[in-house]
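Below, read A as the first sequence line, B as the second, and so on, with proteins coming before strands; counting in each chain starts at 1. Owing to the predicted nature of the structure, the values given are computational and were not obtained by experimental measurement.
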Amino acid sequence: MQTHVFDAVIVGAGGGGLMAALHASRAVSTAVISKLHPLRSHTGAAQGGVGAALGNLEEDRWEWHAYDTVKGSDFLADQDSVDILCRGAVEAVIELEHMGLPFDRTPDGRIAQRPFGGHTNNETHQPVRRACHAADRTGHMILQTLYQQCLKNRVTFFDEFQILDLVTVDREVRGVVAVEIVTGEVHVFHSKATLLATGGYGRVWQITSNAAALTGDGNAIVLRNGFPLQDMEFYQFHPTGIYGMGILITEGVRGEGGVLINGLGERFMPRYAPTIKDLASRDVVSRAIYLEIQAGRGIEGKDYVYLDVTPDTVNRYFKLDGKRNPDGTWRRITGADIESKLPDIADFTRTYLGVDPVRQPMPVQPTAHYAMGGIPTNVDGQVTVDEYATPVPGLYAVGECACVSVHGANRLGTNSLNDLLVFGRRAGAHMAIFCREASLQLLPADPAARVKARMDQLRSGKGTVRPAALREHLQRVMMQHVGVFRVEAGMQQAVREIHALRSQVDDIRLDDRGHRFNTDLLEAFQTQNLLDLAEVIAAGALARHESRGAHAREDFPNRDDRNWLVHTLAFRRPDGGTELRYKPVVIARYQPRERLY
Amino acid sequence: MNVQLGIQRFNPENDAKPYWQSFLITQVDPAERVLDLLKYVKAHVDGTLTFRHSCAHGVCGSDAMRINNLNRLACKTLVQALARPNTERVPIRVQPLLGLPVVKDLVVDMDPFYEHYRSIIPFLVNEQEAPGRERLQSPEERAIIDDGTKCILCACCTTSCPSFWANGRYVGPAAIVQAHRFIFDSRDTGAAERLAVLDRKTGVWRCRTVFNCTEACPRDIDVTRLIGEVKLAIAQGPRRAGRVR
Amino acid sequence: MCSFSVAWLEGLRYAGKQGQWSWVAHRVSGLLTVAFVTTHVLDSTLITFFPKLYKKTIQLFKHPLAAVIEIPLVGAVLYHAVNGLRIAVMDFRPAWWRHQRRSSQVVQVVFALLYVPMALKMGSGVLAGLRGKRS
């Protein structure tokens, strides 16, 4: 076993982790450990853009962005955090540009912007161009740029190290335990401050846009260490995943004019969102697609619809909608525009579906995409442990694994990237200050004992269950019962099945019992994380007797602000069950009202 | 459709040298990815099979490998693309990338590759004080670097290059593509330093214009063109080379 | 970064396209050209140092077998020259990369046009020489 000492240790090297590392490393010794090489992180899969009210193409204000975010969240977001997000986003995007991010440009050389779902001009209520983009690989460029800057700043990286546990003493965090994947050796990272930026957990569901790595390791570890998770029942299904595969088709397609078409050849979104139609919030669009399919109006009666961005269709609807350019001419797109603005999307659909988006519509279905919930934190990224937002000394979280909460019950497109930039920066800066003042606390006698015992147990398990079988079963159950629409009976069944699956974990048998690059072992560990999180998600969803944002219940179809305008805090009880507590929502300028698009 | 999937296996913990293992997989959907087959084998047949993968749609760059003797991403290679007409079984042979040490099965040690990447100063160099807003850049200036910014550092290009096979100290196509992206960025001032690195014996001059890199790139980057532009930039200065396009 | 033999064995199995095979041919023809040139440099040096040996050597070159070997050697020099020009053009005009597959084909055609008549001429020369000897 090796022990490393750093002031700040950051787990996860996506956008959030790298942004925090960049800012922390300017003042204190910083290490980033990541189970993937940083450039493989899932931030790189973000496509359409990062939201910031730069106003480069038309009038825009950060206050409008803030209201859109709060409205998008179905009023569950904490409004103080949202203000920080939307004001900070402008600064963060400029900072990234200065770091060299190759944004697309307007004719006068400024950062180009496009419309995105739920982002509006608050006076005209029409979509506004707010998403700053680099073609349809904005996340890829953010990830690369931040990694480049970390190399420039000489941040220490431990690539391909899987986090296994936190080192805690009396609910104080003193570091993390991780395994070096290539050798199988356990390492202890001893630190004053620890930041988790481990990303999402979309792998809980069967159809997901999330990478295989997104197994919620940080969240599950936090939960098992007795800390709470917040708002876990709010999980976003992105409306447009490639049918059957879940690969994301950016909202930017609809931003460029693409429309959703049902089996009757009808553009159905105007029925659900008369004002901004196909650019309504993701939860609204996903539900609309499900309802169309339920009513037998899927394509050929099956469980998908078309996303059509062919120039003929788009230009026809531009005319019907009266969409004009600032100079008064009709808005138009051409095949060449699609190739240049959405090159990756065109590549995906050609590769995986044999569909040319310039000529044919793309078959899409909702796909599990983003966790609004996560590890509760304050606006400086410090993890909080109760209804009163009391911070844990030395523990931070940022990005998708965290819950500030700026996304509430439903996140707007483009707000994940600015979230990790703005709060990554704040957390990094706060860690630097914290580390300067704090002293390094002692490690317990054998900080890795628990982890080593668990690994040995998995390696030598004599059971009969393959981890993949557990995982696949879980993913089916969650897709069926804790997906876009939820009902009491289904969720109860899900809770029972998850419980049964969890009890099978001790019966796991691995094929690979070696030490070198043992992904069999790691997948078993990650499967356990998914099971732990699924239980909390289902418990929270079952208890919440209302429909809000991404949490849509058939048996409680309305939002209930009297009883449920609260954040859920889920704790793991010592007996293994889940305890739910509730925390007030921060309401400031915007009072909850009915949410119409 | 049936697939005869051959995989080159090697676990230095147990094996003296690499060997081939073959799996017959039946009822394969032609639109499945080679990655799906590997994941199937790992999940249901042999959990010891080891390979890197993550996003599964060609943007993270984890699963570059040799498939039927060509470097590709397992997640962007569909079974139907490897099928030959009138064959009952589609033969697919999967091997680790060539030119990097094998860690286990299809996993190679990427460190030498990343080291070359780091050697070309892969970040924007500009010590002038930044303006309050964004630095301006015209769409035309932005277009010059567009191709290079697509690179996901999967190593398909570098490990398809005969010059790299023969001499691992050659920085390789991927590092040059990344250098190009900064050398020709109108906001960057570090071109001279990078060109000096690439003018060394281990730099661009080891490129023999073989085009294997261009053929292998899963992101359709014109790798050899970018290398050519860097060669010209060294010979004639970056300004002039930028115009040659 | 792998051993020389692995690079060759595995590398030649790599399913590269025209570019790779043009490169292999370029290397092989390059080696042959070097051999060709070295031989001539060596035999020319003999004039100064061992004039007697030089004469014997020249006699050796007039042997029909040497003449036969010369045919592929000339081919190698020709291919190396034409393909070398192609690579030079590609290096000076990177934007022409689009035509890289066709460019290799053009090289093959140009090489064939130049080499086939030459090889025929040389071949018939050898045959004539042989016949002359017999008669």
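Counted within 6.0 Å of CH2 on W96(C), heavy atoms from surrounding residues, nucleotides or ligands total 12 or fewer; the atom is thus considered open. Heavy-atom contacts from other residues, nucleotides or ligands closer than 6.0 Å to CZ of R118(B) number more than 12. A 6.0 Å sphere centred on CZ of F50(C) holds no more than 12 heavy atoms belonging to other residues, nucleotides or ligands. For Y19(B), the OH atom counts as densely surrounded, since its 6.0 Å shell holds more than 12 non-hydrogen atoms of other residues, nucleotides or ligands.
Here the CG atom belonging to D91(C) is positioned 7.5 Å from the CH2 atom belonging to W205(B), to the nearest 0.5 angstrom. Atoms CZ and CZ, on R27(C) and R208(B) in that order, are 5.0 Å from each other to the nearest 0.5 Å. F211(B) contributes atom CZ, which lies 10.0 Å from atom OG of S22(C) (distance to the nearest 0.5 angstrom). To the nearest 0.5 Å, atom CZ of residue R98(C) and atom OG1 of residue T224(B) are 12.5 Å apart. Atoms CZ and CZ, from R13(C) and R93(B) in turn, are 7.0 Å apart once rounded to the nearest 0.5 Å. The CD atom of Q100(C) sits 10.5 Å away from atom OG1 of T209(B), with the distance rounded to the nearest 0.5 Å.
With chain C as the partner, the residue from D222(B), I227(B), N68(B) showing the most heavy-atom pairs under 4.5 Å is D222(B).
For E215(B) and Q18(C), the side-chain atoms include no donor-acceptor pair closer than 3.5 Å.
For the pairing with K17(C), the side chain to side chain contact (heavy atoms under 4.5 Å, CB included) check across V210(B), L70(B), T214(B) returns one residue only, L70(B).
Judged by distance alone, the side chain of Y14(C) and the main-chain N or O of C161(B) form no donor-acceptor pair under 3.5 Å.
Within the 4.5 angstrom heavy-atom criterion, atoms from both the backbone and the side chain of S160(B) approach chain C. In this structure, chain B has heavy atoms under 4.5 Å from both the backbone and the side chain of W97(C).
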Worked verdict on Q95(B) versus E10(C) for side chain to side chain contact (heavy atoms under 4.5 Å, CB included): CA-CA 11 Å; Q95(B) 291 167 276; E10(C) 290 286 313; 3.3 Å; yes
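Residues G228(B) and P94(C) come closest through the heavy atom pair C-CG, 3.6 Å. Residues P162(B) and W23(C) come closest through the heavy atom pair CB-CH2, 3.3 Å.
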